[in-house]
Amino acid sequence: MNYRSTRDPSQQKTASQVIAQGISQEGGLFVPGQFPRLEDRLPELSGMSYQELAREIFRLFLTDFTEEEIASCVENAYRAEKFGGGEPVKLTPLPAEGEDKYLLELWHGPTCAFKDMALQILPHFLTVSLKKAQPGKEALILVATSGDTGKAALEGFQDVAGTRIAVFYPQDGVSPMQKRQMATQEGRNVMVCAIEGNFDDAQTAVKRIFTDGEMQELLARHGLLFSSANSINWGRLLPQIVYYFYAYFRLAEQGALSLGEPMDVVVPTGNFGNILAAYYGRKMGLPVRKLVCASNRNKVLTDFIRTGVYDRRREFHATASPSMDILISSNLERLLYDLSGEDSEKLRGWMESLSQKGCYQVEDAVGEKIRELFYGGFCDDEATFSTIRELWEKEGYLSDTHTAVAVNVYRQYLKEAGLPPVPTVIASTANPYKFSGSVLGALQADLLTQDDFQNVEALEQLTGVQAPQQLRQLREKPVRFTQVVEKDQAGTFVRQLVEQGGN
Ligand SMILES: *Cc1c(COP(=O)(O)O)cnc(C)c1O
């Protein structure tokens with residue numbers, strides 16, 4: 001299996017090269033040269049455990065990994081005890097109102113958000129890849145985060161041999177719970193630092209370190225190289241294909257459909273990684289009918305799917321579903337590469353226009369293909385909160401804000417698309433306690449306080465649903481990282497991390 005860059009077809013790489021490198025030199029994203037088809041193997045795959053299925057899918061794409069290497073990555077990543085016992089994801093039916101819908105809970109991992117599904121395995125993919133592509137080197141992972149990614153990356157890379165990780169977050173740009181999650185992170189190879197400013201300042205600081213020549217020399221002297229845990233890395237996308245197959249097989253097992261019959265998939269979307277994995281599953285023969293792309297008020301994707309015009313020149317809204325507050329959905333580039341018939345030149349034009357003018361328009365043929373496959377919809381915070389209330393009152397299900405956006409858009413889709421209903425898998429991307437304030441506010445606003453831990457307790461008392469151990473224990477966990485620096489001081493901390501020797 002060879003991989004190419006979306007913007008330059010002459011860049012041909014192996015799996016380990018693309019995982020070690022992250023992004024192509026000219027700014028393109030790496031994509032597989034072809035997608036193996038699995039429709040004839042559905043019966044054989046349907047009885048597999050999550051780990052077995054993951055191994056089967058990974059071996060098709062990671063052709064320069066050995067079977068043993070893949071098996072060991074999978075075993076290290078998806079141990080039952082890391083995901084609350086049993087299989088790492090759960091499919092929960094929501095039977096009320098006669099809709100044939102199921103929540104695919106992707107948040108049973110160590111940080112209670114779906115990012116764990118990929119970030120638990122990426123460090124293992126990366127160490128294997130480095131051994132092959134950059135023998136003798138260790139990786140220094142730099143992350144700028146607006147919340148969930150930073151914690152999930154820290155937890156994934158914690159004490160993984162051959163890696164060190166530094167996470168930068170905007171001092172006032174993450175929730176108190178997210179800040180606490182990062183500041184209490186354990187591990188010998190981790191480092192967390194707050195940046196004075198907003199997310200853009202943190203991201204700019206990290207980019208500057210990445211490209212600083214002096215810094216790269218320092219790294220080279222210590223046998224290190226920079227790497228990224230960002231969702232443009234193929235090693236983060238590939239693991240997400242597995243759970244769509246897994247969910248489909250559970251539907252078949254429960255008698256909701258027979259193998260070969262279609263399902264719909266609904267995904268609360270930000271950077272377009274999760275929904276792209278469902279699209280890739282469909283390309284591989286998974287019977288997906290429609291891909292429903294759910295957004296909050298930052299509805300660039302809804303507009304794009306409906307009109308073919310991608311326009312980021314708009315007001316940015318801070319919403320109750322912050323992990324979807326994104327105006328540039330990077331992974332959309334991979335979809336467009338595919339739907340434009342792998343036309344790198346066209347793609348370069350669109351992406352140049354996006355970075356220079358802030359917008360681009362795809363031609364009608366591509367727009368039509370997108371509308372055939374996708375439905376785009378959005379809802380605001382008020383609608384999100386009333387969906388949380390409805391899910392609790394009618395289904396007895398406590399939902400987080402991102403999942404509620406997806407359920408809301410699913411209902412709009414049922415009304416508007418005029419298609420006969422089929423069993424539907426809705427991706428549930430965070431534990432409700434990760435956003436306790438919003439969820440409590442939606443259910444009973446007068447109980448809301450400024451203190452996130454009090455909100456957790458109030459929500460537990462109100463609903464009888466227990467908060468996950470990992471979040472409740474945070475209160476007692478010692479804070480390890482308290483540094484706050486100006487954005488141009490971030491490099492000093494990275495230098496320290498390099499010189500003190502990490503592991
Ligand atoms: C990251 C995230 C999303 C968005 O996923 P993408 O792959 O970026 O589209 C949705 N919900 C939660 C809770 C997330 O952390």
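These numbers come from the heavy atoms of this one structure, side chains and all, not from hydrogens, waters or symmetry mates. In this chain, numbering begins with 1 at the start of the sequence shown. Counting convention: from 1, in listed order, for ligands and their atoms alike.
Annotation for ligand 1: atoms under 4.0 Å from non-hydrogen atoms of A430 are 13 (C). Of all the atoms in ligand 1, the ones that sit under 4.0 Å from a non-hydrogen atom of H402 are 11 (N), 12 (C), 13 (C). Interface of F114 with ligand 1, defined as ligand atoms under 4.0 Å from a residue heavy atom, comprises 1 (C), 2 (C), 3 (C), 5 (O), 7 (O), 14 (C). Ligand 1 places these atoms under 4.0 Å from at least one heavy atom of T269: 9 (O). Contact atoms of ligand 1 toward G273: 6 (P), 7 (O), 9 (O) (distance under 4.0 Å to a heavy atom of the residue).
Put simply, the side chain of D159 reaches to within 4.5 Å of the side chain of N189, judged on heavy atoms. Between T401 and I388, the closest side-chain pair of non-hydrogen atoms falls below 4.5 Å. Put simply, the side chain of L398 reaches to within 4.5 Å of the side chain of L443, judged on heavy atoms.
In summary, R180 and D452 do not engage in a salt bridge, as defined by a charged side-chain N under 4.0 Å from a carboxylate O. Under a 4.0 Å N-O distance rule, the pair R4/E342 qualifies as a salt bridge. Salt-bridge check for R348 with E352: failed, with every basic side-chain N at 4.0 Å or more from each acidic carboxylate O. Using a 4.0 Å cut-off between charged side-chain N and carboxylate O, K82 and D116 make no salt bridge. Checked for salt-bridge contact, E457 and R475 meet the test: a charged N lies under 4.0 Å from a carboxylate O.
Polar contact check, D148 against ligand 1: a nitrogen or oxygen pair lies under 3.5 Å apart. Taking only nitrogen or oxygen atoms, main chain and side chain alike, A113 does not reach within less than 3.5 Å of ligand 1. Checked by distance only, ligand 1 and F272 come closer than 3.5 Å through their nitrogen or oxygen atoms.
Considering only non-hydrogen protein atoms, atom 9 (O) of ligand 1 sits nearest to G270 N, 2.7 Å. Looking only at heavy atoms of the protein, atom 11 (N) of ligand 1 is closest to T429 OG1, 2.9 Å. In terms of protein heavy-atom proximity, atom 14 (C) of ligand 1 is nearest to K115 NZ, 2.9 Å. Counting only heavy atoms of the protein, atom 7 (O) of ligand 1 lies nearest to N274 N, 2.9 Å. Scanning the protein for heavy atoms near atom 8 (O) of ligand 1, the closest one is N271 N, 2.7 Å.
With a heavy-atom cut-off of 4.0 Å, P268 touches ligand 1 through its backbone alone.
No more than 12 heavy atoms of other residues, nucleotides or ligands shown are found within 6.0 angstrom of CZ on R297.
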